[in-house]
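Here the structure comes first, spelled out in structure tokens, and everything after it is commentary.
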There are 2 protein chains.
Amino acid sequence: MTEQLAGGDLSRLRQLNALAVVHVLRGRPALTLTELSRDTGLSRPSTEDVVLQLQHQGWLEEVQPASGGMGRPARRYRFRSDAGWVLGIDIGGHTIRVLAADLDGEVRHTVRTPVAITAGRAERLAAVDAAVAECLAAAGLTGADIWAATVGTSGLVDAAGRVVLSVAFPEWTGVHLAQHVGRLVGGTVLVENDSRLAALAETWRGVARYAQHVVYLLAGLRTGTGLIIDGRLHRGFAQAAGEIGALPELGWIRAQEHLRSWTGAPAGTDPDDLAGYVFASAREGDRKAVAVVRRYAKELALGASALVLALDPQLVVLGGGFSRSADVLLDPLRREIEKRCVRIPEIVTSTLGDEAVALGAVKLSLEHLQEHLFDVRTGLAAPVRPAR
Amino acid sequence: MTEQLAGGDLSRLRQLNALAVVHVLRGRPALTLTELSRDTGLSRPSTEDVVLQLQHQGWLEEVQPASGGMGRPARRYRFRSDAGWVLGIDIGGHTIRVLAADLDGEVRHTVRTPVAITAGRAERLAAVDAAVAECLAAAGLTGADIWAATVGTSGLVDAAGRVVLSVAFPEWTGVHLAQHVGRLVGGTVLVENDSRLAALAETWRGVARYAQHVVYLLAGLRTGTGLIIDGRLHRGFAQAAGEIGALPELGWIRAQEHLRSWTGAPAGTDPDDLAGYVFASAREGDRKAVAVVRRYAKELALGASALVLALDPQLVVLGGGFSRSADVLLDPLRREIEKRCVRIPEIVTSTLGDEAVALGAVKLSLEHLQEHLFDVRTGLAAPVRPAR
DNA sequence: GTTACTTTTGAAGGTCTCCATAATTAGTAA
DNA sequence: TTACTAATTATGGAGACCTTCAAAAGTAAC
């Protein structure tokens with residue numbers, strides 16, 4: 001039925017208590033034994049025992065005692081969040097982004113490398129290599145220090161980390177990103193669709209914090225979705241969840257065309273930049289532009305409504321490039337969704353902006369480590385890079 | 001991040017081991033200490049200790065030793081699955097069904113009571129009362145022996161157990177089923193939408209066993225859905241998940257009309273029985289009937305495709321009254337889904353038939369008890385009806 | 001009916017991890 | 001210097017687990 005937690009001998013109990021101490025300490029400043037004892041529910045002597053063991057293992061480190069208090073100064077211990085590192089890599093159309101974060105999820109180094117939208121497979125991969133190398137160098141790390149990395153890319157990705165289908169970049173189809181990036185870093189490399197990572201980021205550090213059910217809409221030159229169900233990223237049986245835009249009757253494929261049909265921009269404008277002009281004109285009150293935006297919003301809302309009706313999320317998050325124009329896009333979108341849905345979720349705009357995908361990639365790496373290092377079933381692992 | 005399992009003192013370890021023993025023993029025949037020791041991973045003496053304690057508590061019972069083996073006959077213990085009982089109640093249009101099951105989920109008594117489709121609120125509730133009373137009497141139980149009960153009904157149900165909206169039976173809207181049934185039985189009363197319960201049943205004892213992601217279609221006079229995501233029933237933030245049929249563009253509301261438009265049935269046929277005639281005619285090759293079925297299948301597939309694209313389930317299960325006519329319905333449905341979806345899931349017919357909803361209700365009751373009696377976090381509770 | 005074999009049972013001794021309590025230590029404040 | 005405060009260290013004890021070995025209670029063979 002549910003996965004069972006096996007019992008065991010006394011060492012199991014120590015495992016659990018060690019895990020409890022680490023759990024309390026992670027992502028917080030150094031604590032004294034008394035504080036740890038209070039937060040874990042363990043007795044003071046037991047806490048000390050566990051902490052000393054963890055310190056010996058390398059998970060904990062003693063720091064300078066705080067000065068200026070009453071009584072004997074207490075030893076303080078911190079979680080060694082710099083024992084291991086994770087990377088979050090966002091391979092976008094115009095930009096490669098690499099974030100290096102510690103085990104607390106604190107982003108310590110950021111690298112942004114522009115890449116031509118026209119860049120082919122080899123050129124783009126080379127840019128990734130360079131960005132990763134630059135980020136590692138800036139952090140003073142080598143690939144061996146990376147315990148896990150996640151790559152975000154557009155397109156459908158299989159479980160092995162290969163791009164199965166990329167509509168936006170046909171040349172990208174078939175590239176084995178897990179393998180490629182695996183040559184640069186030591187740990188496990190995960191590959192995931194960019195919309196999903198952005199959704200994950202929003203539930204971690206964005207507007208959807210603490211929400212359990214979220215529909216994320218990536219609205220931009222491409223339209224994508226990320227679904228958070230029960231607080232977890234939903235991928236589906238074959239990693240194909242969220243492809244609602246493929247339904248002919250809902251027509252996300254058509255959605256862009258409304259924006260493209262706009263004739264108010266200067267002649268010769270790159271079609272990719274057209275959208276910005278439309279939104280700007282709508283903002284200034286141009287009635288034709290407003291109508292175009294409304295038609296786009298309607299098409300977008302059609303798919304969004306299907307997701308909302310299917311999943312009944314607490315929140316719909318509008319992200320992607322067009323979310324910068326939320327001031328003209330959000331209202332019509334909301335109205336169209338309200339027309340169709342039984343229960344209306346909150347509809348909000350992403351706050352993470354461009355960073356969302358890379359941040360979600362960091363989060364996914366951390367979740368992977370969480371399962372392999374800090375899992376209740378297996379107990380606390382040693383503070384070294386887990387095997388692939 | 002994830003819910004943390006608190007450590008603790010040695011009694012915690014005993015809790016876990018007791019839970020492990022119960023977990024191994026549940027739903028299985030009586031086992032010897034040696035067998036239990038092997039399956040739990042505990043030593044023989046410890047196993048004995050735990051078992052004796054559980055026997056004293058009332059969770060385990062010694063049974064006659066098996067005869068005719070080598071060596072000294074071993075004591076055998078069984079899980080007292082009859083320590084508590086659950087009910088599964090299906091309030092359907094034509095039938096009230098009540099199942100009484102033990103803690104192993106073994107259905108021990110079944111009561112079916114016909115009720116007029118035209119029956120009003122009071123009459124229908126009275127029929128429920130009678131059916132529950134009859135089932136309890138047949139099992140030799142009183143309401144106090146029931147640890148949990150679940151009621152399945154059509155319509156939207158809120159978290160408190162009230163029917164918020166019933167389209168099929170307007171009079172049903174507002175009825176507080178949890179409260180009503182709570183007067184009859186002692187334990188917690190859950191109320192859930194019938195399609196969802198049927199979906200749950202399919203993953204428990206039906207064709208979707210062990211599948212993690214399932215879209216269940218209830219196709220009948222009404223059309224409904226149940227979604228299983230990550231092995232759990234998905235309700236959504238406000239219990240409104242799965243209402244994809246409400247999307248005007250997909251039109252499950254229209255789906256029935258195709259069947260109703262059929263003119264080949266004897267004059268004066270009850271519109272509710274019309275569908276059967278259509279399917280029968282289609283089975284015999286009547287081309288007009290085949291066309292009608294195809295149009296119905298297309299409408300159904302539209303909503304189903306939206307769910308499949310959104311969730312990427314492993315399996316789509318066709319249930320409900322029309323699933324009896326799967327031989328003429330399944331193929332066109334499958335073709336229409338294949339037309340629209342990126343990845344095609346398996347599409348199969350329910351095998352549980354009429355029992356599905358009541359069985360799902362039993363399962364939901366058991367899951368509720370699982371959380372409150374056998375939970376890893378709180379440890380094993382005493383073998384008495386948990387507080388409401 | 002005895003003997004050999006098999007398997008379970010029961011008892012003893014040891015280890016580990018936790019807890020409660022009390023004595024000691026290392027600071028600050030008067 | 002003395003009082004006060006809070007952390008550390010030490011001690012004793014209890015609970016739960018393990019391994020090991022002798023005794024018990026059956027069946028099978030002679």
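Naming convention: chains lettered A, B, ... in sequence-line order (proteins, then strands); numbering from 1 in each chain.
Each of Leu33(B) and Ser46(A) has a nearest nucleotide on DNA chain C; the 5'-most of these lies closest to Leu33(B). With the nearest nucleotide of DNA chain C identified for both Pro45(B) and Thr34(B), Thr34(B) has the one nearer the 5' end.
The pair Asp39(B)-Arg28(B) counts as a salt bridge, with a side-chain nitrogen and a carboxylate oxygen less than 4.0 angstrom apart. Here Glu371(B) does not pair with Arg377(B) in a salt bridge; the nearest charged N to carboxylate O distance is not below 4.0 Å. At a threshold of 4.0 Å, the pair Arg232(A)-Asp230(A) does not count as salt-bridged, since none of the basic side-chain nitrogens sits closer than that to a carboxylate oxygen. Checked for salt-bridge contact, Asp104(B) and Arg108(B) miss the test: no charged N lies under 4.0 Å from a carboxylate O. Residues Glu48(B) and Arg75(B) are paired through a salt bridge, judged by an N-O separation under 4.0 Å between the basic side chain and the carboxylate.
Arg72(B) places its CZ atom 9 Å from the C1' atom of dT7(C), with the value rounded to the nearest Å. The CZ-C1' distance, from Arg12(B) to dC19(C), rounds to 17 Å in whole Å. Summarising the geometry, the separation between CZ on Arg14(B) and P on dC16(C) is reported as 20 Å, rounded to the nearest angstrom. One can place CG of Leu10(B) at 12 Å from P of dA20(C), the figure rounded to the nearest angstrom. Atom CE in Met70(B) sits roughly 6 Å away from atom P in dT6(C) (whole-Å rounding). Rounded to an integer number of Å, the gap from Arg76(B) CZ to dT9(C) C1' is 17 Å. If you take CZ of Arg44(A) and C1' of dC18(C), they are 15 Å apart, rounded to a whole angstrom.
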Listing, residues 378-388 of chain A side-chain donor-acceptor contacts under 3.5 Å, not counting sequence neighbours, or none:
{"residue": "Arg385(A)", "atom": "NE", "partner": "Ala144(A)", "partner atom": "O", "Å": "2.9"}
{"residue": "Arg385(A)", "atom": "NH1", "partner": "Gly186(A)", "partner atom": "O", "Å": "3.3"}
{"residue": "Arg388(A)", "atom": "NE", "partner": "Gly186(A)", "partner atom": "O", "Å": "3.1"}
{"residue": "Arg388(A)", "atom": "NE", "partner": "Gly187(A)", "partner atom": "O", "Å": "2.9"}
{"residue": "Arg388(A)", "atom": "NH2", "partner": "Gly182(A)", "partner atom": "O", "Å": "2.7"}
{"residue": "Arg388(A)", "atom": "NH2", "partner": "Val185(A)", "partner atom": "O", "Å": "2.6"}
{"residue": "Arg388(A)", "atom": "NH2", "partner": "Gly186(A)", "partner atom": "O", "Å": "3.3"}
{"residue": "Arg388(A)", "atom": "NH2", "partner": "Gly187(A)", "partner atom": "O", "Å": "3.4"}

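The residue Glu48(B) sits close only to the backbone: its heavy atoms come under 4.0 Å of sugar-phosphate atoms, none of a base. Using a 4.0 Å heavy-atom criterion, one finds that Arg75(A) contacts the sugar-phosphate atoms exclusively.
OP1 or OP2 of dC18(C) sits under 4.0 Å from a side-chain N or O of Asn17(A).
Residues Trp59(B) and Phe374(B) bring their aromatic ring centres within 6.0 Å.
First and last contacts of DNA chain D with chain B, using any nucleotide atom under 4.0 Å from a protein heavy atom and ordered 5' to 3', fall at dG15(D) to dA28(D).
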